[in-house]
Amino acid sequence: AGMVVILQPQKRTAVRTKASFYTTKADGRYAFPGLPPGTYILILSERPGYFATTYRVVEVRLRDGEANEHDFGISPFLRNFCPLIGTGGS
């Protein structure tokens with residue numbers, strides 16, 4: 001929730017559209033309705049305290065009347081992470 005997803009059209013897109021921004025809902029969903037057919041780039045913006053577990057930039061191709069879904073993976077940083085290192089002796 002609260003992540004910004006950016007949609008950029010590629011030059012190959014039949015109808016030029018401007019870049020669009022969408023902040024994900026509480027359940028993580030986002031949508032860019034009414035897009036013309038073409039090739040687009042989806043970009044997951046960075047957010048302090050989180051890191052991407054999947055690629056942050058993906059290419060999406062839409063045909064006429066087609067819908068497409070893409071899930072980005074994110075995870076919070078572990079603030080007090082300290083690995084335990086044993087000495088192996090007694």
Side-chain angles (χ1 to χ4, degrees):
M3 300 297 288
V4 176
V5 179
I6 303 163
L7 176 86
Q8 276 186 312
Q10 283 279 30
K11 292 180 183 177
R12 296 184 297 260
T13 300
V15 178
R16 291 289 295 170
T17 56
K18 295 180 181 177
S20 300
F21 301 82
Y22 191 92
T23 302
T24 59
K25 297 180 180 182
D27 63 1
R29 293 184 177 267
Y30 62 94
F32 295 97
L35 293 173
T39 303
Y40 298 87
I41 302 295
L42 280 176
I43 304 165
L44 178 67
S45 65
E46 293 183 3
R47 181 175 170 188
Y50 291 84
F51 68 96
T53 59
T54 59
Y55 288 110
R56 288 183 43 246
V57 179
V58 295
E59 183 178 273
V60 176
R61 291 186 180 105
L62 292 179
R63 294 186 184 117
D64 193 25
E66 182 180 48
N68 192 309
E69 292 186 18
H70 181 77
D71 292 327
F72 289 104
I74 59 167
S75 183
F77 283 115
L78 301 175
R79 287 192 164 76
N80 297 320
F81 178 72
C82 180
L84 298 175
I85 301 173
T87 59
S90 36

According to a 4.5 Å side-chain heavy-atom criterion applied to Ile, Leu, Val, Met, Phe, Trp and Tyr, with indirect links allowed, do [X] and [Y] form part of one hydrophobic cluster?
{"X": "Y30", "Y": "V58", "answer": "yes"}
{"X": "I74", "Y": "V5", "answer": "yes"}
{"X": "L62", "Y": "I41", "answer": "no"}

Going by an N to O cut-off under 4.0 Å, is there a salt bridge joining D27 and R29?
->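 A salt bridge is present here (some side-chain N lies under 4.0 Å from a carboxylate O).
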Would you mind checking if R61 and E66 are paired as a salt bridge, meaning a charged N to carboxylate O distance below 4.0 Å?
->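 Salt bridge flag = no for R61 with E66.
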Taking S45 for its side chain and V4 for its backbone only, find out whether a donor-acceptor pair lies under 3.5 Å.
-> yes
For the side chain of R56 and the backbone of L44, is there at least one donor-acceptor N/O pair under 3.5 Å apart?
->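 Checking the backbone N and O of L44 against the side chain of R56, a donor-acceptor pair under 3.5 Å is found.
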What I'd like to find out is whether the side chain of [X] reaches to under 4.5 Å of the side chain of [Y], using heavy atoms alone.
{"X": "N68", "Y": "Y40", "answer": "no"}
{"X": "L7", "Y": "Y22", "answer": "no"}
{"X": "F72", "Y": "L42", "answer": "yes"}

Would the number of heavy atoms belonging to other residues, nucleotides or ligands and lying under 6.0 Å from OH of Y55 be above 12?
-> no
Heavy-atom closest pair (I6 atom, F32 atom, distance to 0.1 Å) is C-CZ, 4.5 Å
Closest approach of D71 to T54 (non-hydrogen atoms, all atoms of both residues) |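 Smallest interatomic distance, heavy atoms only, reads O-OG1, 4.5 Å.
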